[in-house]
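A short worksheet on the structure shown next.
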Amino acid sequence: MSALAHVPASAGKPAPPPVRRGRSRLLPYLLLLPGAAWLLVFFALPLVQLASASLYDPSGSLTTGYAMTWAFGNYPDALQAYWPQFSRSFLYSAIALVLALLMGYPLAYAIAQKAGRWKYLLLVAVVAPMFTSFLVRTLAWKTILSDNGALVGLLRDVHLLGPDGRLLATPIAVVLGLTYNFLPFLVLPLYASLERLDPRLLEAASDLYASPLRAFAKVTLPLSMPGLIAGTLLFFIPATGDYINAELLGTPNEYMIGNVIDSAFLVRLDYPQGAALSFLLMAAILAIVFVYLRKAGTEEVL
């Protein structure tokens with residue numbers, strides 16, 4: 001018995017297999033390979049090609065060819081020629097974003113916290129327009145806002161529009177189109193954040209004599225900030241580069257920078273200018289996003 005007492009408990013059991021640390025460390029990188037290859041082939045390489053095209057000799061053409069002259073002057077020339085379209089793009093997108101926030105935040109909150117058994121039906125209603133082509137949805141707005149449509153007739157009857165007033169082919173139509181087409185990109189991230197909101201936190205704020213407005217500012221809004229940041233970025237970035245809404249719902253006076261880039265590549269065949277405008281747009285959006293994220297992150301910490 002004394003000899004058995006000194007036998008270790010693990011005696012007679014098979015030894016565990018050795019841990020392959022090198023292979024386990026490489027596994028996450030191997031999982032990243034398909035996505036990295038996709039980004040390399042379909043994003044990084046076209047971006048490099050676009051960057052080189054923006055520095056071609058602007059006097060070249062498809063028939064005579066383009067020479068790489070490192071023409072950095074393409075950038076200030078393009079900006080000087082089309083700064084109204086640049087400013088119009090950011091202005092229309094900002095106005096559309098404000099309208100989307102005024103509609104989308106209450107909608108996302110109602111679906112997440114008040115809809116009950118109707119929650120998923122309302123989510124389907126939000127996403128359902130995206131099952132239709134972006135072009136078809138915009139053409140539908142062209143019908144809704146037409147001069148002989150019911151909406152314009154109603155606005156004329158209540159004297160919000162003059163007898164010859166119109167909505168189509170105006171900045172209002174372009175902004176409404178942007179708001180409608182990109183609203184789901186704002187609502188869905190907001191819903192995801194608000195759906196995780198614990199109602200007991202609002203009850204606690206009420207027990208501490210906080211008004212509904214103060215409870216929203218101190219509890220609901222900070223907790224929904226991740227979804228709000230994601231939603232505003234998902235809305236603002238594609239809206240700024242959009243050209244379909246201005247093309248179908250506006251006139252050349254409402255054209256945004258996306259329309260100019262589309263014309264440079266497909267109509268005028270001016271590849272250096274189109275590439276330069278594309279890079280200027282990307283740089284401006286990245287700068288705005290960087291400042292926004294810095295500011296939003298600071299406010300979230302506070």
Side-chain angles (χ1 to χ4, degrees), residues 78-79 81-105 107 126-156 158 160-188 231-268 273-274 277-278 280-285 288-289 292:
L79 185 60
Y82 296 106
W83 68 265
Q85 286 81 0
F86 261 105
S87 58
R88 191 178 299 132
S89 297
F90 289 103
L91 176 62
Y92 286 179
S93 300
I95 296 174
L97 177 59
V98 172
L99 291 176
L101 284 172
L102 292 176
M103 293 184 293
Y105 200 105
L107 176 61
V126 171
V127 180
M130 301 180 70
F131 297 159
T132 308
S133 167
F134 188 96
L135 183 62
V136 172
R137 298 200 308 267
T138 309
L139 286 172
W141 270 93
K142 190 172 183 177
T143 303
I144 294 171
L145 301 176
S146 63
D147 295 342
N148 298 323
L151 178 60
V152 171
L154 176 62
L155 294 177
R156 287 173 179 171
V158 298
L160 291 178
L161 280 178
D164 298 327
R166 61 185 322 210
L167 292 178
L168 193 63
T170 65
I172 295 176
V174 179
V175 171
L176 289 177
L178 292 172
T179 305
Y180 169 77
N181 279 309
F182 296 106
L183 183 62
F185 295 102
L186 176 69
V187 172
L188 293 179
T232 51
L233 292 179
L234 289 174
F235 183 99
F236 182 78
I237 293 174
T240 305
D242 179 71
Y243 66 96
I244 296 296
N245 288 278
E247 180 76 25
L248 298 180
L249 304 179
T251 67
N253 294 326
E254 286 79 41
Y255 276 4
M256 300 165 66
I257 195 60
N259 300 95
V260 178
I261 295 173
D262 173 69
S263 175
F265 278 112
L266 301 180
V267 180
R268 294 183 283 110
Q273 187 182 78
L277 288 171
S278 300
L280 287 172
L281 178 62
M282 283 190 291
I285 290 177
I288 292 175
V289 168
Y292 174 70

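Here the structure is a predicted model, which means the values were calculated and not measured.
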From [X] [atom1] over to [Y] [atom2], what is the distance, rounded to the nearest 0.5 angstrom?
| X | Y | atom1 | atom2 | value |
| --- | --- | --- | --- | --- |
| Leu178 | Ile95 | CG | CD1 | 10.0 Å |
| Leu155 | Leu161 | CG | CG | 5.0 Å |
| Asp262 | Ile244 | CG | CD1 | 7.5 Å |
| Leu183 | Leu101 | CG | CG | 9.5 Å |
| Tyr82 | Ile261 | OH | CD1 | 11.0 Å |
| Leu233 | Leu186 | CG | CG | 10.5 Å |

Quick one: do Phe90 and Phe236 satisfy side-chain contact (heavy atoms from CB on, under 4.5 Å)? Show the steps, please.
-> CA-CA 9 Å; Phe90 289 103; Phe236 182 78; 3.6 Å; yes
Locate the shortest heavy-atom distance separating [X] from [Y]; write the atom from each residue and the value.
| X | Y | answer |
| --- | --- | --- |
| Phe182 | Asn245 | CE1-ND2, 4.4 Å |
| Arg156 | Asp147 | NH1-O, 3.6 Å |
| Ala264 | Gly274 | CB-CA, 3.7 Å |
| Tyr243 | Gly258 | CB-C, 3.5 Å |

Walk me through it: do Tyr255 and Glu247 pass the test side-chain contact (heavy atoms from CB on, under 4.5 Å)?
-> CA-CA 7 Å; Tyr255 276 4; Glu247 180 76 25; 3.3 Å; yes
Provide the full list of side chain to side chain donor-acceptor pair (under 3.5 Å) pairs with a residue in residues 88-99, sequence neighbours left out, each pair given once.
->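 As it turns out, the side chain to side chain donor-acceptor pair (under 3.5 Å) pairs with a partner in residues 88-99, which skip direct neighbours, are Ser93-Thr240.
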Which pairs pass side chain to side chain donor-acceptor pair (under 3.5 Å) with one or both residues in residues 128-143, sequence neighbours excluded?
->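 Residue pairs passing side chain to side chain donor-acceptor pair (under 3.5 Å), neighbours aside: Arg137-Asn181, Thr138-Asn181.
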Is the shortest heavy-atom distance from the side chain of [X] to the side chain of [Y] under 4.5 Å?
| X | Y | answer |
| --- | --- | --- |
| Val127 | Pro184 | no |
| Phe134 | Asp242 | yes |
| Leu248 | Leu135 | yes |

With sequence neighbours excluded, tell me which residues meet side-chain contact (heavy atoms from CB on, under 4.5 Å) with [X].
| X | answer |
| --- | --- |
| Asn253 | Thr251 |
| Thr170 | Arg166, Ile172, Ala173 |
| Leu234 | Phe185, Pro189 |

Please check if atom CZ in Phe265 has more than 12 non-hydrogen atoms from other residues, nucleotides or ligands closer than 6.0 Å.
->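 Enclosed.
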Just by distance, with hydrogens left out, do Thr232 and Tyr292 show a side-chain donor and acceptor under 3.5 Å apart?
->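 Note: Thr232 and Tyr292 side chains meet the donor-acceptor criterion.
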Could you please spell out the steps behind the side-chain contact (heavy atoms from CB on, under 4.5 Å) verdict for Leu167 and Ile144?
-> CA-CA 10 Å; Leu167 292 178; Ile144 294 171; over 6 Å; no
Run the side-chain contact (heavy atoms from CB on, under 4.5 Å) check on Gln85 and Leu277 step by step: do they pass?
-> CA-CA 11 Å; Gln85 286 81 0; Leu277 288 171; over 6 Å; no
Exam field: side chain Ser263 to backbone Val260, donor-acceptor pair closer than 3.5 Å =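 Judged by distance alone, no pair lies under 3.5 Å.
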Taking side chain to side chain donor-acceptor pair (under 3.5 Å) as the test, write out the residues that go with Thr179, two or more places apart.
->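 Thr179 satisfies side chain to side chain donor-acceptor pair (under 3.5 Å) with no other residue.
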